[in-house]
Amino acid sequence: MNKVFIIAEAGVNHNGSVKLAKELIDVAVESGADAVKFQTFKAETLVSKDAQKADYQKKTTSKEESQFEMLKKLELDLETHKELIFYCKAKNIIFLSTPFDNESIYMLNNLGLEIFKIPSGEITNLPYLREIGKLDKKVILSTGMADIGEIEDALDILLKAGTKKENITILHANTMYPTPMEDVNLKAMVTIGNSFDVAYGYSDHTLGIEVDISAVALGASVIEKHFTLDKTMDGPDHKASLEPNELKAMVKAIRNIELALGSSIKKPSKSEKPNIKIARKSIVANCSIKKGELLTEENLTVKRPANGISPMRWDEVIGTYAKKNYNEDELI
């Protein structure tokens, strides 16, 4: 549709609260995003009981709890999913959720999701990729931590399982929260698109919105960005997320860039056409010229406006004879 698909990533920033989740949906709607995305998982099938947290999670959550304990508090059950899907439909925004295990894939499929988002951590999970591939749905594949060979392997699995290539969008990403600017490597997004001849986009974890806007200028068809109600809230992802006003600013900037990109045809725009006669110039008399006088580089010059003969015809005019008397500055 030549329109960037903007995913407002609520993720686990609901902190396990349905009320908070609905407030996040409201913010996503107000921002103008196309979809709001959550995460679907069972802590028991996602991590082992003694799995360590990532360093960024240790900084933003209690050091005493394990990754399992942290995630257990952030699960959304089936009834909550149904409630949030209903709420999204009422608000006219697409509900998305990332499944982190096969059971979650089946649940989301049964709930009628048409788009399946594969997180970066599952790009090397063959059984998982195969299950999503079998669904023959639209797939958005994040590629944080992956090299080009691992992306190729994941894409092959999805295709062989039954997903159509035209239904796959691959997102460049960096799995660090927040991502340092020097690690963004945004040009790799274009490399992905060119290497596999697929739609591409960007899943962003940097602070701010400038990288998202740049990604759109480079051809991203999907942008995904974490957001929260308040960056100071407890939880693993709040600190590296946009607050409501920032999310709104990002969506507005992306929509402006879409307009600004325009077509590939270079021609005068509708708004600038009236300025052609004002800003361009014509051949005019540089001094008084008598009828029959030779027109030379000395008695002619070029000045605004462009109501007369274009200066591009200068060589045609020089050496001809005046057909009438001219006053200084008069159009030839």
Side-chain angles (χ1 to χ4, degrees), residues 5-26 28-29 33-48 68 70-143 154-171 199 201 203 222 224 226 237:
F5 188 68
I6 301 175
I7 302 171
E9 166 75 90
V12 294
N13 284 344
H14 51 75
N15 288 0
S17 162
V18 176
K19 178 177 179 293
L20 217 57
K22 288 181 177 179
E23 288 178 23
L24 286 164
I25 292 169
D26 291 339
V29 170
D34 298 291
V36 58
K37 187 171 79 65
F38 294 90
Q39 295 180 4
T40 303
F41 57 84
K42 291 279 187 183
E44 287 84 357
T45 56
L46 181 55
V47 294
S48 57
F68 176 86
M70 175 189 75
L71 291 171
K72 192 64 185 171
K73 295 187 297 187
L74 300 172
E75 288 180 356
L76 299 175
D77 62 19
L78 176 61
E79 292 309 310
T80 300
H81 277 75
K82 290 179 179 178
E83 189 174 348
L84 295 181
I85 289 170
F86 180 82
Y87 193 76
C88 283
K89 284 181 179 177
K91 295 285 182 173
N92 198 29
I93 191 170
I94 296 170
F95 173 92
L96 296 177
S97 191
T98 299
F100 281 82
D101 51 66
N102 287 12
E103 186 180 334
S104 298
I105 293 171
Y106 308 143
M107 184 175 89
L108 292 175
N109 188 46
N110 290 335
L111 288 169
L113 264 68
E114 293 297 324
I115 303 172
F116 277 76
K117 167 67 197 302
I118 298 172
S120 294
E122 306 303 325
I123 197 167
T124 57
N125 185 345
L126 190 151
Y128 171 99
L129 294 169
R130 188 174 284 154
E131 287 305 312
I132 286 186
K134 288 177 185 176
L135 301 176
D136 191 22
K137 298 287 182 76
K138 288 186 173 69
V139 172
I140 299 173
L141 171 66
S142 269
T143 61
L155 184 58
D156 285 345
I157 293 164
L158 291 169
L159 294 173
K160 287 175 183 175
T163 299
K164 299 177 184 68
K165 192 175 184 180
E166 60 266 27
N167 286 338
I168 299 173
T169 302
I170 301 180
L171 304 188
S203 179
V222 174
E224 178 181 81
H226 280 264
D237 295 339

Does some side-chain heavy atom of [Y] sit less than 4.5 Å from a side-chain heavy atom of [X]?
| X | Y | answer |
| --- | --- | --- |
| Phe41 | Thr98 | no |
| His14 | Leu76 | yes |
| Thr169 | Phe5 | no |
| Glu44 | Glu75 | yes |
| Ile132 | Leu158 | yes |
| Leu108 | His81 | yes |
| Phe38 | Phe95 | yes |

Measuring from [X]:[atom1] to [Y]:[atom2], what's the distance to the nearest 0.5 Å?
| X | Y | atom1 | atom2 | result |
| --- | --- | --- | --- | --- |
| Ile170 | Ser142 | CD1 | OG | 10.5 Å |
| Gln39 | Glu9 | CD | CD | 5.5 Å |
| Glu122 | Ile105 | CD | CD1 | 8.0 Å |
| Leu159 | Leu129 | CG | CG | 11.0 Å |
| Ile118 | Asn125 | CD1 | CG | 9.5 Å |
| Ile7 | Asp34 | CD1 | CG | 8.5 Å |

Would you mind writing out the side-chain donor-acceptor pairs for residues 109-116 within the sub-3.5 Å range, not counting sequence neighbours?
unit_1, atom_1, unit_2, atom_2, d
Asn109, OD1, Lys137, NZ, 2.8
Asn110, ND2, Tyr106, O, 3.2

side-chain contact (heavy atoms from CB on, under 4.5 Å) between Thr80 and Asp77, worked out: CA-CA 5 Å; Thr80 300; Asp77 62 19; 2.7 Å; yes
Derivation of the side-chain contact (heavy atoms from CB on, under 4.5 Å) call for Ile123 and Leu141: CA-CA 8 Å; Ile123 197 167; Leu141 171 66; 4.1 Å; yes
Evaluation steps, side-chain contact (heavy atoms from CB on, under 4.5 Å), between Tyr128 and Ile157: CA-CA 10 Å; Tyr128 171 99; Ile157 293 164; over 6 Å; no
Short side-chain to backbone donor-acceptor contact, Asp101 and Glu103, under 3.5 Å: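 Flag set: sc Asp101 to bb Glu103 pair under 3.5 Å.
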Donor-acceptor contact below 3.5 Å, side chain Ser97 vs main chain Lys37: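 Not confirmed, Ser97 side chain does not pair with Lys37 backbone.
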Smallest separation among heavy atoms of Thr40 and Ser104, with atom names: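 Distance-wise, the nearest heavy atoms are O-OG, 3.4 Å.
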Heavy-atom closest contact (Asp136 atom, Thr163 atom, distance):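 Scanning both residues completely, I find the closest heavy atoms to be OD1-CA, 4.0 Å.
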Step-by-step side-chain contact (heavy atoms from CB on, under 4.5 Å) determination, Lys117 to Leu96: CA-CA 8 Å; Lys117 167 67 197 302; Leu96 296 177; 5.8 Å; no
Over 12 non-hydrogen atoms of neighbours within 6.0 angstrom of NZ in Lys72: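 Counting other residues, nucleotides and ligands, NZ of Lys72 exceeds 12 neighbours.
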Heavy atoms of other groups near Lys164 NZ, more than 12 under 6.0 Å: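 No.
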